[in-house]
Amino acid sequence: MLSAVNKVLFRLLPGAILLLTATIALHPAGLRSAVAPLLPSFPLTVLGGGILLAWRFNRSRLVLSLAVLLLTDRALLAWAPASGAGGEVGRAIFGVLTVLVPLDLAALAWLPERGLLARPGRAALVGLGVEIVLLILLCQPLFLPLTGWLDVSQVPGLGALPQPALIVFALAFLMVAWRAVRQGTALEGGAVWTVVATFLAFSAGGGGLDSTVYLATGGLILVLSLIETWHGMAYDDELTGLPARRALNEALARLSGTYTVAMVDVDHFKRFNDVHGHDVGDQILRMVGARLAAVGGGGRAFRYGGEEFAVLFPGKTVDQAREYLELLRRTIEGAPFTLRSMARPRVRPEPPPAGGPRERLAVTVSIGVAAAGAGAVRPDDVVQAADAALYRAKESGRNQVRT
């Protein structure tokens, strides 16, 4: 759980910086006057462009979240804010939005990502359409009394937000934050700051410079989270968490001079899959990946493909890298790998139950090593040389390091 929280905190950092920057820009008079000319284009560019971008990559949750922010901004600009000259209609619209928008953002954070035309996406679109109709009806004098329960006293120090909205925002924040802790992805972390940005927008009263900047910043956080997600999909291996082969190729292209490449392969991996199933194979790959991620000597591990990994040692010769690879091999060989039972409880019991033998698997790796010297050597040639050394290690009995 602690590692998940640390991962979430790291994901939250970019959004925190963006939101802090927006807050700073709105307070000094000089910066505020400089931001004002951007008011018409900033939300339309960020939110409208983000919707098109998310639509292009079939991210239904992001499309709908950005649409909610854009429609909220337009509604607040069309009707006067609660504290302005909008009168009873303005107060009604503002009050309803302070409840609907955080609920929308929280619900969309938990929406299954199956596309806009799938059943969850269609249901969300219908719900959004119902909300738009509701807002239009509230503009009619006949229905204004229905919003009277929202027109309650405000809490000192929290701007224009009525008391019911504070409760809804608190619940929405907890829902989104819990989702972020469980998933630990960039998009979930961005959703947390989007709820905060929306809270600040409504606290400012709505319909002015502050609310527009905060809503657009919330959308910008989501768009940047999507870009970070794309980067992770292209450069990171989802199963092990290690950088993927594309990242290795780019890292090799940036190197010159002396460096060492080690190719690491799990011994008898096909047998593990055939006897115990692919779930056990995935557990083994995750375990090996975790050990590789902790390799010393300045080495950087990558998932090369299948059961094969690569470790890159910039600036080191084969002899310098070999001691770290031998330690890595012994660490994996000595690491206990207990086969998980299908009936294993989700929460570890305290104390663990007695009796019943638990099957342990012996996991080992073979490692091939090659280095690039001072001459002009192509990275592909070094990788192929390390791969050839790996095959020699396997042919010589496995569980060893060969050059």
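Everything quoted here is computed from the prediction, not taken from an experiment.
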_Would you say CZ of Arg246 has more than 12 non-hydrogen atoms from neighbouring residues, nucleotides or ligands within 6.0 angstrom?_
no
*Leu117 atom CG, neighbour heavy-atom count above 12 within 6.0 Å*: no
Does some side-chain heavy atom of [Y] sit less than 4.5 Å from a side-chain heavy atom of [X]?
X: Leu103; Y: Leu171; result: no
X: Met287; Y: Val363; result: yes
X: Leu66; Y: Val223; result: yes
X: Met263; Y: Glu308; result: yes
X: Leu292; Y: Val295; result: no
X: Leu252; Y: Tyr259; result: yes
X: Thr403; Y: Arg322; result: yes
X: Arg74; Y: Leu44; result: yes

Just verifying a value: how many Å separate [X] [atom1] and [Y] [atom2], rounded to the nearest 0.5 Å?
X: Asn273; Y: Leu285; atom1: CG; atom2: CG; answer: 7.5 Å
X: Thr98; Y: Leu166; atom1: OG1; atom2: CG; answer: 8.5 Å
X: Glu307; Y: Phe272; atom1: CD; atom2: CZ; answer: 11.0 Å
X: Leu47; Y: Leu215; atom1: CG; atom2: CG; answer: 7.5 Å
X: Arg61; Y: Leu226; atom1: CZ; atom2: CG; answer: 10.5 Å
X: Ser60; Y: Leu116; atom1: OG; atom2: CG; answer: 5.5 Å

*In plain terms, say whether Asp381 and Arg378 are close enough for a salt bridge, that is, a side-chain N and a carboxylate O under 4.0 Å apart.*
yes
Would you find a donor on one side and an acceptor on the other, under 3.5 Å apart, between the side chain of [X] and the backbone of [Y]?
X: Trp193; Y: Leu18; answer: no
X: Thr240; Y: Arg286; answer: no
X: Arg303; Y: Gly306; answer: yes

Distance-only donor-acceptor check, side chains [X] and [Y], under 3.5 Å:
X: Thr260; Y: Gln320; value: no
X: Tyr391; Y: Ser366; value: no
X: Tyr304; Y: Arg245; value: yes

_Determine whether Thr23 and Tyr214 satisfy the following criterion, side-chain hydrogen bond (donor to acceptor under 3.5 Å, both in side chains), listing intermediate values before the conclusion._
CA-CA 8 Å; Thr23 303; Tyr214 279 128; 3.2 Å; yes
_Under 6.0 Å between ring centres: does that hold for Phe173 and Phe199?_
no
*Could you go step by step and tell me if Ile93 and Leu76 meet the side-chain contact (heavy atoms from CB on, under 4.5 Å) rule?*
CA-CA 8 Å; Ile93 296 298; Leu76 291 177; 5.7 Å; no
*Sequence neighbours left out, what pairs pass salt bridge (Lys or Arg N to Asp or Glu O under 4.0 Å) with at least one residue falling in residues 392-403?*
Asp265-Lys394, Asp267-Lys394
